[in-house]
Amino acid sequence: MKKGFSAKTYVGILLLGLAGTSIYLLPYLRWSYYDALLQASGLNNTEFGITLSVFGILAMVFYPIGGIAADRFSVKILLTISLVGSGILGLWYAAFPGYIPQIIIFGGWGILSTLTFWSAMMKATRMLGTSDEQGRLFGLVEGSRGIISTAISFAALFAFTKMGESIGGLKGIIFVMAVLNIVTGILILLLLPQGQREDNRQEKKKATVSDIIMILKTPSIWLIALIIICCYSVYLGSTYLTPYFTNVIGATASFAAFLSIMRSYVLQFICAPTGGILADKMKSVTKVIVGCYTIIVAALVVIIVLPTTKSAMIPLIIVLLILCAGIFAMRGIYFATLDEVNIPVHVTGTAVGIVSIIGFAPDVFMSTICGKLLDTFEGAAGYRAIFVLMLAFAATGSIAAVILMKKMTGKRAMK
């Protein structure tokens, strides 16, 4: 294993981290500025929610098609189209047009973030290095997304506050984010390395129908999809820990927001690269995933049994950080499993597309289920129900990870 990456590889890591951050800034801006954005958009809550639903539905539809596209066309061209197109739609969005135009804008973002982006980004990451570098590559790209997201989020919040939290200030933030997408797309086109791995000649091959059938018949692909859907479900469930702290434990809103930043961004850029480094040192991504699931399961059990009083706040914070460390260490590397199970480079995009439509399905159902649980069970009981659901997903994911690890160990023993 090489001790370090070349300068070109680090440039590629930073560019992909910037791309993976930039393209999601605008669709998910409401997470940080819901009330201000709702007022500026001129929509009611239902219409506002529908715009993001359109984004999510079209994103899910185009995951597998985007995977095939990534194996048929240049990933640099696809990424550039995604980012520049997203930026242009962002400039239109900054004018806050009517309801139908906003539906079109969010629909466009949904298509651009999957059809020409997600699988292309995963494939570009894989192509940056050799098989024994995949953990670090995926971990560093995910970690750089955390660093960049943190910097942009705080800068945008500072600017928004300085501009009096006005609609004009919000338009300025959207405009800057749109321009950032366009500039990132141009940088990708000009500077993204073609790839350093010895088998990149496969990238010039085009995925065929037989390749797609081969992927669908590969049991490991479905185990990877199960690992990801369980991890992503736990991740989405963890977002309810913030209101749990305020509504049940009695933390202040500002302290809960601080914990949210720690959970969402700081741990991402610390733990994702750490997980990648461990995977490469252990020469097994699946072993690290099994370890991450073990941490997650243990942390959730502790969260469930801890009392729901203010006296439990300190141990709860510690367990929360441990839980999210396991989540982000795994999120940084779970697509690196494609190399470990020997999926050919030239069908990486197709494999990512197939795995993603299953793995990210919780975007469609998890929030609805959690909301129903909170409405059905009063107070702390509703949150405990969410934590039990997260534990069920974590236990299922750990079983899938152990099965995949044993399959990989058996294959190595036969060589």
Side-chain angles (χ1 to χ4, degrees), residues 28 30-35 45 146 149-150 153-154 157 161 229-272 274-275 290-331 362-363 365-399:
Y28 294 123
R30 67 185 65 197
W31 284 5
S32 300
Y33 305 96
Y34 186 92
D35 292 330
N45 281 286
S149 295
T150 303
S153 297
F154 277 122
L157 181 59
T161 303
I229 191 175
C230 290
C231 178
Y232 195 56
S233 295
V234 173
Y235 166 70
L236 292 180
S238 72
T239 62
Y240 288 88
L241 283 164
T242 299
Y244 179 69
F245 268 93
T246 55
N247 297 334
V248 177
I249 304 300
T252 63
S254 58
F255 183 71
F258 171 76
L259 284 178
S260 179
I261 292 172
M262 290 291 296
R263 184 197 71 234
S264 300
Y265 299 127
V266 177
L267 287 179
Q268 182 182 16
F269 71 71
I270 292 174
C271 297
T274 301
V290 169
C292 289
Y293 264 126
T294 302
I295 291 170
I296 290 168
V297 168
L300 285 169
V301 169
V302 174
I303 289 173
I304 290 169
V305 301
L306 278 174
T308 57
T309 60
K310 204 163 187 176
S311 61
M313 187 177 297
I314 298 301
L316 193 58
I317 291 170
I318 294 171
V319 178
L320 164 65
L321 295 177
I322 293 172
L323 168 69
C324 293
I327 292 172
F328 280 111
M330 194 193 317
R331 284 191 66 192
D363 275 333
F365 64 78
M366 193 64 182
S367 295
T368 302
I369 293 175
C370 291
K372 181 65 175 177
L373 290 173
L374 290 176
D375 288 339
T376 303
F377 302 98
E378 186 176 348
Y383 289 98
R384 285 191 184 277
I386 292 174
F387 302 149
V388 170
L389 175 64
M390 292 166 62
L391 179 59
F393 275 114
T396 303
S398 64
I399 293 170

4.5 Å side-chain heavy-atom contact, [X] and [Y]:
X	Y	value
Leu323	Leu241	yes
Asp363	Tyr232	yes
Cys292	Ile327	no
Tyr240	Ser367	yes
Leu391	Val297	yes
Ile249	Thr309	no
Met390	Phe387	yes
Pro243	Tyr383	yes

[atom1]/[X] to [atom2]/[Y] distance, rounded to the nearest 0.5 angstrom?
X	Y	atom1	atom2	result
Tyr235	Met366	OH	CE	12.5 Å
Phe245	Ile317	CZ	CD1	5.0 Å
Thr396	Ile229	OG1	CD1	10.0 Å
Ser311	Leu306	OG	CG	9.5 Å
Ile303	Leu300	CD1	CG	5.5 Å
Ile399	Tyr293	CD1	OH	10.5 Å

If you take all heavy atoms of [X] and [Y], which pair is closest and at what distance?
X	Y	value
Phe328	Cys271	CB-CB, 4.2 Å
Leu236	Thr239	O-OG1, 2.5 Å
Gly250	Met313	C-CE, 4.3 Å
Ala299	Val319	O-CG1, 3.3 Å
Cys324	Leu267	CB-CD1, 3.5 Å
Ile296	Ala394	CG2-CB, 3.8 Å

| Mind checking what makes ring-ring contact (aromatic ring centres under 6.0 Å, His included) contact with Phe365, not counting sequence neighbours? | none
